[in-house]
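The structure appears right after this line, and notes come after that.
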Number of protein chains: 2
Amino acid sequence: MAELPLGEPAFLILTALAAEPKHGYAVIEDVREISGGQVRLHAGTLYSVLDRLRTSGLIEVEREEIVQSRLRRYYRLTGAGQQRLSGEALRLRRNADAAASRLAGFTPRPGTGLA
Amino acid sequence: MAELPLGEPAFLILTALAAEPKHGYAVIEDVREISGGQVRLHAGTLYSVLDRLRTSGLIEVEREEIVQSRLRRYYRLTGAGQQRLSGEALRLRRNADAAASRLAGFTPRPGTGLA
DNA sequence: TGAATATATTTCGAAGACGTATATGCTCGC
DNA sequence: GCGAGCATATACGTCTTCGAAATATATTCA
């Protein structure tokens, strides 16, 4: 499986679950908040991503509840999920920094010698 | 067109071009450097992404050269491309920060009231 | 009462981003 | 001459995500 790619949705879903276990619908709302209202997960995306993450062992089902005859399935990050998420967050920040410094017009790359 | 999504490859390609115009193959090498050797663009990915970016007006062909009977097509960021890239970099950093703070175990969310 | 809205999950087809593989043609080193 | 590195092109497939609808219950509002 080579490490499944984390797109923005998947990344945000992991992030939402990093705070505390949540059920799917709560994840949608949390992601909307995290992203400042810019990312609205579609139900279809959510549940298929949740499935993939579970299959790859990044999250797991914590428990299931029935509240007012509605099923709530709670997911939580596994240890692997935490590692993966923090690694991914690092990567994102590096990428963002690279872009920012290049956009700033200077290319202070130590090391290899400038191109 | 609704604003084409920028995956990691597309983002890094824009970043590579932000420093200065480059031809495709040089982009591959630059991206490998930017990412600390972690992202190695495949030729197929590169040229199709390049095409998409060009179609959406984020990059444009600067010039074509023939060096040792090999064609080199140089691409450069357009104004729209710069805007898009800096916006995207911001988004990435926000996402990375959100993940980091959640992973740190505290959820100091001002505003809506804690869940 | 009845309609609309919010909660919650499931499923499925389509779009599209990305990877894999292959082809082409030149140059250089062995 | 053959393989490796440079440089672009493109067909094909896969996997993620989008988009929409189905199902079912509770609440809100007219």
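FYI, side chains are in, hydrogens and waters are out, and symmetry mates aren't considered; it's all heavy atoms of this structure. Lettering of chains follows the sequences in order, A, B, ..., and the numbering in each one begins at 1. Nothing here was measured: the structure is a model prediction, and the numbers come from that model.
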Practice problem: Check side chain to side chain donor-acceptor pair (under 3.5 Å) between Arg70(B) and all other residues, then give those that pass, not counting sequence neighbours. | Solution: Gln68(B)

Quiz item: Under 4.0 angstrom, heavy atoms only, what part of the nucleic acid is Glu64(B) near: base, sugar-phosphate, or nothing?
Solution: nothing

Quiz prompt | With sequence neighbours excluded, residues passing ring pair (Phe, Tyr, Trp, His ring centres under 6.0 Å) with Tyr47(B) | solution = none

Quiz item: Please give, in whole Å, the distance from dT9(C) P to Leu46(A) CG?
Solution: 8 Å

Exercise. Quick one: closest heavy-atom pair of Ala16(A) and Val27(A), and the distance?
Key: CB-CG1, 4.1 Å

Quiz item: Between dC6(D) atom P and Ile66(B) atom CD1, what is the distance in whole Å?
Solution: 19 Å

Practice problem: List the protein contact pattern of nucleotides 13-24 of chain D with one symbol per nucleotide (5' to 3'): B for base contact, S for sugar-phosphate-only contact, - for none; contact means a heavy-atom distance under 4.0 Å. | Solution: ---SBBBB----

Self-check item: For Arg91(A), side chain to side chain donor-acceptor pair (under 3.5 Å) partners two or more places apart
Solution: Glu88(A), Glu8(B)

Quiz item: Between Leu50(B) (CG) and dA7(D) (C1'), how many Å, whole number?
Solution: 12 Å

Self-check item: By side chain to side chain donor-acceptor pair (under 3.5 Å) - contacts of Gln38(A) (at least two apart)
Solution: none

Quiz item: If only side-chain N and O atoms of Tyr47(A) are considered, is one of them under 4.0 Å from the OP1 or OP2 phosphate oxygen of dT10(C)?
Solution: no

Practice problem: May I have the distance from Ile28(B) (atom CD1) to dC18(C) (atom P), rounded to whole angstrom? | Solution: 14 Å

Quiz item: Between His23(A) (NE2) and dT10(C) (P), how many Å, whole number?
Solution: 12 Å

Quiz prompt | Interatomic distance, Tyr25(A) OH vs dA26(D) C1' [rounded to whole Å] | solution = 13 Å

Quiz item: Could you give the CD-to-P distance, from Glu65(A) to dT7(C), as a whole number of Å?
Solution: 16 Å

Self-check item: Angle by which the axis turns from one end of the helix from dT1(C)-dA30(D) to dC30(C)-dG1(D) to the other, five pairs per end, to 10 degrees
Solution: 10°

Quiz item: Whole Å only: how far is the CG atom of Leu71(A) from the P atom of dT25(D)?
Solution: 13 Å

Quiz item: Which side chain to side chain donor-acceptor pair (under 3.5 Å) pairs, counting each pair once, include a residue from residues 74-83 of chain B, with sequence neighbours left out?
Solution: Glu60(B)-Arg76(B)

Quiz item: Are any non-hydrogen side-chain atoms of Asn95(B) and Thr15(A) less than 4.5 angstrom apart?
Solution: no

Practice problem: Could you tell me which residues satisfy salt bridge (charged side-chain N to carboxylate O under 4.0 Å, His left out) with Arg63(B), sequence neighbours excluded, listed by chain and number? | Solution: Glu65(B)

Quiz prompt | Partner set under side chain to side chain donor-acceptor pair (under 3.5 Å) for Arg54(A), not counting sequence neighbours | solution = Asp51(A)

